[in-house]
Amino acid sequence: MTTEDPTSRQHIEAAGQRSIAAGQIINAYTGDTLPAEALYAAERVTVPSGLSNLPPAGLCLGREEELTWLRRTLTRGGEGAITQGGTVHGLGGVGKSTLALHYAHRYRGDYKLIWWINASSPDSIEQSLTELTRRLVPDWAARAAREAQTAWAEQWLARHPGWLLIYDNVEDPADLSPYTGSLQGGHHLATSRRTRGWPDNAPMLPLGILDADDAADLLCALAFNGVTPTRRERAEAHSLAAELGYLPLALKQAGAYLAQNRGVTLDGYRRRLGTKLDKAADGIPAERTIARVWGITMDTLVQKDPLAVDALYTAAWLAPDNIAHGLLSSPGTDSDTLAEAIGTLAAYSMVTDTGTTISVHRLVQAVLRTPRDAEDQRCQQGRGRAEQALLRALGSVHNQDATNADRWDALIPHLLALASKAPTGHLVDPLTKAYEAAAEHLYQSAHTARAIPLLEATVAQREEVLGGTHPRTLNCRNNLAVAYETAGDLKRAIPLYEATLAQREEVLGGTHPNTLASRNNLAGAYRAAGDLERAVPLFEATLAQREEVLGGTHPDTLISRNTLAGAYRAAGDLRRAVPLYEATVIQCKEVLGDIHPHTLASRNNLAGAYRAAGDLRRAVPLYEATVIQFEEVLGDTHPRTLNCRNNLASAYQAAGDLERAIPLFEATLAHREEVLGDTHPRTLTSRNNLAGAYRVAGDLERAIPLYEATLAQREKVLGDTHPHTLISRTNLAHVREAAEALQRPDAAESMTRTSHQHPSAHPEPRGYPGGQAG
């Protein structure tokens, strides 16, 4: 059974793809994530029928068949997805969100609660769920941490049927699995540009362009505002709709323009489109169409409301959703004047306005970030305004205390958007410092892997300004390697660790604390990759140097002692691992205190060594006590808590107590999928362990698919020759052999023979910033 080693490496987490196991687990909720009084409150809180956070419904013409399909699908199965049709490529614009919104308003009376969720990232989903908690229990939510608010919302949904959750703009279908797999009391509806990555049995509605008549109807309805068009106008609408490729977003923006400029005929608008064609020659078809429509609207707005144009170009560089009005305002801009400008943009269907925030379609943003000609400075100026607005907003929240958590959560998506879309060579030192501060916040919040775009941008800036071997540049490179490793991307992490170590040795010397930290980090990455031949000697050398330079009881020395013991254990050398773990536990307790995370990690590791040695009488009680302490100190879903819980489940199984082992494996896997992601090495460990427990219990119907999924993912993430991949392959072969053996008289003997196959110890990734200053 795989056990884990939460070692010295200070803090771990990963973001990435999420759950497939919900289909294998009947109940993914344990109730541990909230205190009893909060769970009781979730059960008692009721809502008036029809409660929602829906925006107003816009026009949705020509989608009756699709609405019928949605209703039939959701009432039968509870899940459905509106995706982009195969004939439409790129950034969308086919009206997926409009259709979902129209469905929600049409059937609003049939649901107790309808909640619109921004699903562009796992973090955005969680943020939307905290908003539900704040709506239902505002007093409690005001005192609760974000993680607790998210857990409360999930518990409420689990206990109250009759709701509809709409996940808008899903970027990764796997992000929904923790919710669709566990929440069965209502309907789940998703919209996404993605046509791949959905479960094989997920009902999908590929949404394409409108047909000619429906497109003309939509144009006339928008342009004439209820007035019946003449036969000529109807013919012009058909011609214009064809010119716009029947793309709903383009039709909507053209109709909004015509409604605002009554003196322009449909045919006159169509003729003006021709003059925009040469300036929109590049890009995907949908982008070219929007660029032509956008050009006409922008020409008008430049004359009518220059502030609206500035605000739109600013918004193009930020995250597409939840852009606060204040981020669109330059110093000295009157709030009423800005509100009028935003109102103008909304009237032209360039943005969606809630009164305090706006959203911009991703396709519109992509066009706005592309200069119309060589002399067009609006793109660059818009980015500059976006950067300055974020720097002003961040001015008072650079500290990492809990009181600023909500403000960081609101601003980080916009910093990520700026970092990921920075023009080549675009360097702004204050912005780089903001990226670093945001990355630190993500680290403190156990979301280190999300910081990769921020850290990549920071490394580029440091290399350009300070040079490739400056100590601060090396610190940034190390932190980026940590983020790669945290995300399970060892192919990028290990070479970056190796290069950083070589440069630190050259610049700082072989025994500088930062050099020693790099050496320990690289050894840990080797161990994570299963390369113990390189890991163990490097751990030994690092420990010897830390003892000499820092002393025998320095926290970093204790870290090295712990990681070396873990490497010995991974190599099967328990004669050296157990005494080293025992000594490290005593020293951590003396130096750091009894409940310091490093002390708890050492205690967990010692319990694992006892278990590996077959001493369950000492292993199980030590695991049980350590799990309780991890929950108290770090929280119920912290990765280290989950490590220890996995190990306790493993010890229960080793003791033959499957009644306690299997539920604990199931709960740990569900939490890991939610916290770490679906393909993180630790999640794969949990999936393998649960499959093994099912197998030992004789439940091959659940064991085989789980082993198959684990093998496929380990091949993809770790490679065909990684030790854990090889073990998964062996496990699957044995369980298939056991299934075949059930048809033979010696079935019981075969089951016994194959039940012992499990992977060996699995290390814990290092935490940002890897133990060094800077």
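Model, not experiment: these values are computed from the prediction. Just so you know, residue 1 is the first one in the sequence shown, and it goes up from there.
A salt bridge links R383 to E387: at least one charged side-chain nitrogen sits closer than 4.0 Å to a carboxylate oxygen. Using a cutoff of 4.0 Å between basic side-chain nitrogens and carboxylate oxygens, R492 and E456 are scored as salt-bridged.
Applying the salt bridge (Lys or Arg N to Asp or Glu O under 4.0 Å) test to residues at least two apart or on different chains, the pairs with a partner in residues 307-323 are D310-R385, D321-R362.
Side-chain N or O atoms of T344 include one that pairs as donor or acceptor with a backbone N or O of E340 at under 3.5 Å. Checking side-chain atoms of H414 against main-chain N and O of L318 turns up no donor-acceptor pair under 3.5 Å.
With 3.5 Å as the limit, one finds no donor-acceptor pair spanning the side chains of Y435 and Q461. Checked by atom type, the side-chain pair D353/H325 shows a donor-acceptor distance below 3.5 Å. Looking at T357 and T354, their side chains do bring a donor and an acceptor atom within 3.5 Å of each other. For S121 and S124, the side-chain atoms include at least one donor-acceptor pair closer than 3.5 Å. For the residue pair T191/D168, the side-chain donor-acceptor check at 3.5 Å is satisfied. Using a 3.5 Å distance cut-off with no hydrogens or angles, the side chains of Y257 and R272 do pair a donor with an acceptor. Between the side chains of N261 and Y348, at least one donor N or O lies within less than 3.5 Å of an accepting N or O. Side-chain atoms of Y313 and Q377 form no donor-acceptor pair, as typed in the model, at a separation below 3.5 Å.
Contact annotation: the side chain of L480 never approaches that of T500 to less than 4.5 Å [non-hydrogen atoms, C-beta and beyond]. Counting heavy atoms from C-beta outward, W115 and I166 have side chains that stay 4.5 Å or more apart. Counting only heavy atoms from C-beta outward, the side chains of R462 and E436 approach each other to under 4.5 Å. When side chains are defined from C-beta on, P331 counts as touching R392, because their heavy atoms get closer than 4.5 Å.
When the shell of 6.0 Å around CD of E464 is examined, it contains 12 or fewer heavy atoms from other residues, nucleotides or ligands. Counting heavy-atom neighbours within 6.0 Å of K491 NZ, excluding the residue itself, gives a total of 12 or less.
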- Task: Before giving the answer on side chain to side chain donor-acceptor pair (under 3.5 Å), spell out for S120 and N118 the whole-Å C-alpha distance, their side-chain angles and the decisive distance to 0.1 Å.
- Result: CA-CA 6 Å; S120 58; N118 174 6; 3.1 Å; yes

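Nearest heavy-atom pair, A481 versus L496, reported as atom, atom and distance to 0.1 Å: N-CD2, 3.6 Å. A439 and L454 get closest at one heavy-atom pair: N-CD1, 3.8 Å.
L474 contributes atom CG, which lies 5.5 Å from atom CD of Q503 (distance to the nearest 0.5 angstrom).
Y167 and H188 have their aromatic ring centers within a separation under 6.0 angstrom.
Residues meeting the side-chain contact (heavy atoms from CB on, under 4.5 Å) test with A215, sequence neighbours left out: L210, A241, Y246, L251.
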